[in-house]
Amino acid sequence: MNFYSTNDTNHQVQFKEAVFNSMPQDKGLYMPEFIPQLDDKFLKHLDEYTLPEIALHVATAMLDGAIPADDLKAIIHDAINFLAPVVKLEEEVYVLELFHGPSLAFKDFGARFMSRVMSWFLEKGEKQLDVLVATSGDTGGAVALGFLGVPNTRVTILYPKGKVSEIQEQQLTTNGQNIRALEIDGTFDDCQALVKQAFTDKELNEKFRLTSANSINIARLIPQTFYYFNAYAQLLRQGKSKVVFSVPSGNFGNIGAGLLAWKMGLPVEQFIAATNANDTVPAYLKTGVYEPKPSVSTLSNAMDVGNPSNWARIADLFKEDASELKGLITGFSYNDEQTKEAIQQVFDEYKYVVCPHTAIAWKALKEWQAENPAEDVTGVFLSTAHPCKFPDAFPADIAAAIKVPESVKELEGKAKQAVELGKDFEGFKAYLLENN
Ligand SMILES: *Cc1c(COP(=O)(O)O)cnc(C)c1O
């Protein structure tokens, strides 16, 4: 299987190159040269497979031999070693919990799979892979924990001092081993600027084999299709076969993976793109005009994206028939007031606590269901993060009801290891060169 750039289908590379480059030179995104169709037998009997079995089947079809079967199986069993349960909250309303991985967010699927794929591709004797990543919170935790202990890799995380939640900071700074954290006296944008400059610095590139763990990497997208198939499998076991997914969306990687799963043959009735005030896509679905905007800050800050980078992939998936896309996706957007109301309603109705991102997906699902009444269609909203990661988002009574996972309690006892740096490039570069 080759991968082409969405900006130039003639520019094709093998999987390894797509993984290490993240983005083609022409600033498009890599896409598989064809979308493999999963066989009917597999799709009809999804309910007989476990999550790792489903993952292996889907990845085998997509990678088409790029990684030998036994090695791919080992990668998947190592990477996808946690569950993604579908939990019933009421008749035809289920939540797909994607926060049972080490960083308690769905980004674990992408980061864990990508790290192991990268490590596998590093041939014997090859230079250590140096991953540089700027984070506003969730991405850094997933990447740090995703690469922790992965051979021949090292991760340097830059995060803005005082601007990530306590648990996020603990996830970034308590790892040791091949992970190091830099606490930058600046904003997330400053962190990102430092990483970008490092990638264009000649001396650093000669000395190190640098790569980004960018969210647009194709090796992060592929594993996110697994849990859509697995969610469907769980619903089949309960006699449900008509499913709608509501996805809290920022960069549109998560919902993009769902649409890819659909293209591979997963029978989904409808996708709901649920956003906060950064409503570029819902606005496009209503007006037909795609107009990226500067991002605005919200309570659901992992979705504060005004120009979703994965949209180019979704547009590419449906380039033959844009009306098909419009039939398949509906958009809803909500402000912070509505998000808080939704958190409260979910708590009142089910005694269940959702993070602000997840609350938006729930609200969008309920609104869609009210507009499209049908008895046999099951709604699933995706829970992208555990609520304990965002303690400030909740009133005291709801915060008190959050069950904090054991892994988080263990973090509290661990010492913070972070190096404080300013936001100037020279200081950052000197740190990298001196701490090799
Ligand atoms: C990253 C993230 C999102 C947005 O996912 P995209 O793939 O960028 O659309 C939603 N919720 C949480 C908690 C996240 O960390």
Side-chain angles (χ1 to χ4, degrees), residues 29 84 95-111 113-114 133-146 159 164-165 167-168 171-172 188 213-228 245-261 271-282 292 295 298-314 329 331-334 339 342-343 353-364 381-393:
L29 297 179
V95 55
L96 169 55
E97 294 184 344
L98 298 174
F99 52 70
H100 295 286
S103 85
L104 310 178
F106 82 98
K107 290 186 173 74
D108 286 326
F109 283 87
F113 183 76
M114 177 179 65
V133 55
T135 184
S136 56
D138 262 4
T139 301
V143 172
L145 294 161
Y159 73 97
V164 301
S165 82
I167 291 175
Q168 285 172 334
Q171 289 181 343
L172 298 174
F188 167 63
N214 209 306
S215 69
I216 48 131
N217 197 299
I218 188 75
R220 282 178 65 164
L221 192 75
I222 293 167
Q224 291 179 179
T225 62
F226 304 161
Y227 51 72
Y228 285 94
F245 285 109
S246 178
V247 188
S249 298
N251 245 331
F252 280 71
N254 194 355
I255 198 169
L259 293 164
L260 182 57
F271 287 90
I272 300 167
T275 74
N276 57 30
N278 295 282
D279 65 347
T280 302
V281 170
S295 64
T298 74
L299 193 62
S300 47
N301 62 4
M303 311 197 313
D304 293 350
V305 184
N307 187 7
S309 42
N310 276 296
W311 187 255
R313 260 193 185 123
I314 294 174
I329 315 191
F332 293 96
S333 71
Y334 301 106
T339 307
I343 289 171
V353 185
V354 285
C355 86
H357 314 80
T358 306
I360 286 174
W362 172 79
K363 194 166 172 64
F381 64 101
L382 276 59
S383 180
T384 44
H386 194 288
C388 76
K389 294 186 87 175
F390 310 94
D392 301 336

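Both counts, for ligands and for their atoms, begin at 1 and track the order of listing.
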Checklist entry - If we only count heavy atoms from C-beta on, is the Asn251 to Ile216 side-chain gap below 4.5 Å? => result no
Next on the checklist: Can you confirm whether or not the ring centre of Phe226 sits under 6.0 Å from the ring centre of Phe109?
Outcome noted: no
Item to check | Pairwise side-chain contact, Asp138 with Phe390, heavy-atom cut-off 4.5 Å (strictly under) | outcome: yes
Item to check | CE-OG1 distance between Met303 and Thr384, expressed to the nearest 0.5 angstrom | outcome: 7.0 Å
Checklist entry - Sub-3.5 Å donor-acceptor pair from the side chain of Thr225 to the main-chain atoms of Ala261, do we have one? => result no
Checklist entry - Looking just at side-chain N and O atoms, do Asn217 and Arg220 make a donor-acceptor pair shorter than 3.5 Å? => result no
What are the atom names and distances for all N or O pairs under 3.5 Å between ligand 1 and the protein?
residue, atom, partner, partner atom, Å
ligand 1, 7 (O), Gly253, N, 3.1
ligand 1, 7 (O), Asn254, N, 2.9
ligand 1, 8 (O), Asn251, N, 2.8
ligand 1, 9 (O), Gly250, N, 2.8
ligand 1, 9 (O), Asn251, N, 3.2
ligand 1, 9 (O), Phe252, N, 2.9
ligand 1, 11 (N), Thr384, OG1, 2.8
ligand 1, 15 (O), Lys107, NZ, 2.5
ligand 1, 15 (O), Asp138, OD2, 2.6

